[in-house]
Amino acid sequence: MAPLRVLVTGAAGQIGYSIVIRIADGTVFGKDTPVHLVLLDIPQCANVLEGVVFELQDCALPTLHGVEAVTEEKAAFKDIDYAFLVGAMPRREGMERKDLLAANVRIFKSQGKALAEYAKPSTKVIVVGNPANTNAFIAAKYAAGKVPARNFSAMTRLDHNRALAQVALKAGVTVGDVKNVIIWGNHSSTQFPDARHAQVTKGGNSVDAYTAVGDDAFLQGDFISTVQKRGGVIIEKRKLSSAMSAAKAACDHIHDWHFGTQPGQHVSMAVPSDGSYGIPEGLIFSFPVTIDGNTKEWKIVQGLSLDDFAKQKIAVTTKELEEERDDALKACDESSI
Ligand code: NAD
Ligand code: LMR
């Protein structure tokens, strides 16, 4: 079997250091699938990148059939099957993720063009670099005509995982006993973490999360704000943004895109809206999705009921994404890249 060619951008950074081992050791694509890793960073980080390559070689991983460090987009994007677009500036204390828009959007315009020019049309892309949804929107726009928009996604799996953990803690179960939380909208403090359709296995029975938790005020209050603000809290504590949990979530996201979701389960993934739930077409919006492992196609879960509380929360995050999109398009027009 020819190795999958997998690109990680920002591979000399914090998330990069945690993510490459999971891709290389078979956690993401399976122990029987050989992988060729391409690590991209800026030229100033070439030495660090080389150190990462040496460490990967020293891991002696049977699934890792090749690894290369590059500092140019042409070499990075050539013939890739999957792209983890991580490389971007992280926010610091006191910033919102959208404050990174002007600095980071140029990177994704340029990488969108590189995807169109050099990547396989079937390439699947996860954008991790913030503001992730809008960066994915820009990359998709500049790759249009070559790589279809539905191959672009942004990561809200970290928020999804945070939501699973919060429900588990409150319900007094382990995280493996919770499924089907939903993150709606933007990977930002306006996202709507929703436990209304989640299920918990407790005492051998599957019950809805509201019954298992027994505290509606929590699920409509602290649960939502804890997940919305978790990234900021990690930055306050670590003085660095989350990396271990972000790398794990990115690997969960691509693992499920490659192998498909479990029967009866959905995951949260920011994908181009097709108008479902009234979200404007084309916005990269986090929805509950199921994935068919054979076709590797995602589908937005349809027909979930939304009460007024949910509709109001979804409207707020939609408005923010529309504003970010407009600001990003303006920044792209002004950028010479
Ligand atoms: P970091 O600063 O440690 O690493 C970023 C790396 O990207 C650096 O090595 C930098 O040189 C590189 N880089 C910058 N411009 C590049 C370019 N044009 N091409 C290739 N590489 C480039 O940051 P980090 O902690 O690894 O975070 C990376 C990004 O991920 C940040 O934007 C952060 O906010 C975001 N993030 C997103 C999520 C999420 O849930 N979506 C979670 C955590 C972090
Ligand atoms: C996170 O959610 O931890 C990341 O997006 C980093 C951040 O800026 O919050």
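Each ligand, and each atom within it, is numbered from 1 in the order the structure gives. Numbers here simply count residues along the sequence, with the first being 1.
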Checklist line | Subset of ligand 1 atoms that lie under 4.0 Å from at least one heavy atom of Val86 | finding: 28 (C), 29 (C), 30 (O)
Notebook entry, point to check: With no hydrogens and no angle check, is any side-chain donor or acceptor of Thr211 less than 3.5 Å from a backbone partner on Val207?
Noted result: no
Check: Would you say His266 and Ile182 make side-chain contact, with heavy atoms under 4.5 Å?
Finding: yes
Next item on the list: Could you tell me whether the side chain of Cys251 reaches within less than 4.5 Å of the side chain of Thr27, counting heavy atoms only?
Entry: no
Check: Hey, does Ile235 sit under 4.0 Å from ligand 2 if you only count heavy atoms?
Finding: yes
Note to self: Out of all atoms in ligand 1, which are within 4.0 Å of some heavy atom of Ser241? Include the element for each.
What the structure shows: 25 (O)
Next item on the list: Verify whether one side chain among Ser276 and Gln302 offers a donor that lies under 3.5 Å from an acceptor in the other.
Entry: yes
Notebook entry, point to check: Does any N or O in the side chain of Thr123 come within less than 3.5 Å of the main-chain N or O of Ala119, such that one atom is a donor and the other an acceptor?
Noted result: no
Next item on the list: Is it possible for you to check whether Arg5 lies under 6.0 Å from the centre of the six-membered ring of Tyr82, through NZ or CZ, and within 45° of that ring's axis?
Entry: no
Note to self: Taking 4.0 angstrom as the limit and counting only heavy atoms of Ala246, give me the atoms of ligand 1 inside it, by number and element.
What the structure shows: 42 (C), 43 (C)
Check: With backbone taken as N, CA, C and O and side chain as the heavy atoms from C-beta onward, which portion of Ile107 lies under 4.0 Å from ligand 1: side chain, backbone, both, or neither?
Finding: side chain
Next item on the list: Only heavy atoms count here, so choose which of Pro90, Ala247, Ala136 is nearest to atom 31 (C) of ligand 1.
Entry: Pro90
Item checked: Cation-pi geometry met for Lys170 and Phe218 (6.0 Å, 45°) -> yes
Item checked: Under 4.0 Å to a heavy atom of Leu158 - the qualifying atoms of ligand 1, by number -> 40 (O), 42 (C)
Margin query: Please list the nearest protein heavy atom to atom 26 (O) of ligand 1 with its residue and the distance rounded to 0.1 Å.
Written below: Ile15 N, 3.0 Å
Next item on the list: Check whether any N or O atom of Ser242, backbone or side chain, sits under 3.5 Å from an N or O atom of ligand 1, and answer yes or no.
Entry: no
Check: Are any of the N or O atoms of Asp41 closer than 3.5 Å to those of ligand 1?
Finding: yes
Check: Are any of the heavy atoms in Asn130 under 4.0 Å away from ligand 2?
Finding: yes
Next item on the list: For the pair Lys330 and Asp327, find out whether any cationic side-chain nitrogen is under 4.0 Å from an anionic carboxylate oxygen.
Entry: no
Margin query: Within ligand 2, which atoms have a heavy atom of His187 less than 4.0 Å away?
Written below: 1 (C), 2 (O), 4 (C), 5 (O)
Note to self: Give the atom numbers and elements of ligand 1 that come within less than 4.0 Å of a heavy atom of Cys45.
What the structure shows: 11 (O)
Next item on the list: If you have a sec, work out which protein heavy atom is nearest atom 19 (N) of ligand 1 and how many Å separate them, to one decimal?
Entry: Gln111 NE2, 3.6 Å
Checklist line | Subset of ligand 2 atoms that lie under 4.0 Å from at least one heavy atom of Arg162 | finding: 1 (C), 2 (O), 3 (O)
Next item on the list: Sort out for me which residue in Asp159, Asn133, Asn135, Thr134 forms a side chain to side chain donor-acceptor pair (under 3.5 Å) with His187.
Entry: Asp159
Notebook entry, point to check: Quick one: does Arg150's side chain have a donor or acceptor within less than 3.5 Å of a partner on Trp298's backbone?
Noted result: yes
Next item on the list: Closest by any non-hydrogen atom to atom 17 (C) of ligand 1: pick that one out of Ile42, Asn161, Leu100.
Entry: Ile42
Notebook entry, point to check: Is a donor on one side and an acceptor on the other found under 3.5 Å between the side chain of Asp41 and the backbone of Thr9?
Noted result: no
Check: Any idea which protein heavy atom is nearest atom 3 (O) of ligand 1, and the distance to it?
Finding: Gln14 N, 2.9 Å
Note to self: For Lys179, is there any backbone N or O sitting under 3.5 Å from a side-chain donor or acceptor partner on Gln199?
What the structure shows: no
Check: Which of the listed options, Val128, Asn133, Thr156, holds the heavy atom that is closest to atom 41 (N) of ligand 1?
Finding: Val128
Check: Do you know which of Glu96, Gln228, Lys229 makes side chain to side chain donor-acceptor pair (under 3.5 Å) with Ser189?
Finding: Glu96
Next item on the list: Identify the protein heavy atom lying closest to atom 5 (C) of ligand 1, giving its residue, its atom name and the separation to 0.1 Å.
Entry: Ala88 O, 3.5 Å
Margin query: Please check: side-chain N/O of Asp81 versus main-chain N/O of Leu4, any donor-acceptor pairing under 3.5 Å?
Written below: no
Checklist line | Numbering as shown, the atoms of ligand 1 that approach Gly10 to under 4.0 Å (heavy-atom distance) | finding: 6 (C), 7 (O), 12 (C), 20 (C), 21 (N)
Notebook entry, point to check: Based purely on interatomic distance, does Asn130 place a nitrogen or oxygen under 3.5 Å from a nitrogen or oxygen of ligand 1?
Noted result: yes
Notebook entry, point to check: How far is atom 39 (C) of ligand 1 from its nearest protein heavy atom, and which residue and atom name does that atom have?
Noted result: His187 NE2, 3.2 Å
Margin query: Would Asn104 count as a polar contact of ligand 1, with the cut-off being nitrogen or oxygen pairs under 3.5 Å?
Written below: no
Notebook entry, point to check: ligand 2 and Ser242, any nitrogen or oxygen pair closer than 3.5 angstrom?
Noted result: yes
Next item on the list: Mark up the atoms of ligand 1 that fall under 4.0 Å of a heavy atom belonging to Gly13, in ascending order.
Entry: 3 (O), 4 (O), 9 (O)
Notebook entry, point to check: Does any N or O in the side chain of Ser273 come within less than 3.5 Å of the main-chain N or O of Ile279, such that one atom is a donor and the other an acceptor?
Noted result: yes
Checklist line | Within-cut-off N or O pair, Ser241 and ligand 2, under 3.5 Å | finding: no
Item checked: Pair Asp256 + Arg157, salt bridge at N-O below 4.0 Å -> yes
Notebook entry, point to check: Can you check ring pair (Phe, Tyr, Trp, His ring centres under 6.0 Å) on Trp184 and Phe285, steps first, answer last?
Noted result: CA-CA 7 Å; Trp184 299 94; Phe285 194 94; 7.0 Å; no
Margin query: As an exercise, identify every atom of ligand 2 less than 4.0 angstrom from a heavy atom of Gly231.
Written below: 1 (C), 2 (O), 3 (O), 9 (O)
Check: Can you list the atoms of ligand 1 that are under 4.0 Å from a heavy atom of Met89?
Finding: 31 (C), 32 (O)
Notebook entry, point to check: Can you tell me which residue and heavy atom of the protein come closest to atom 9 (O) of ligand 2, and the distance to 0.1 Å?
Noted result: Arg91 NH2, 2.7 Å
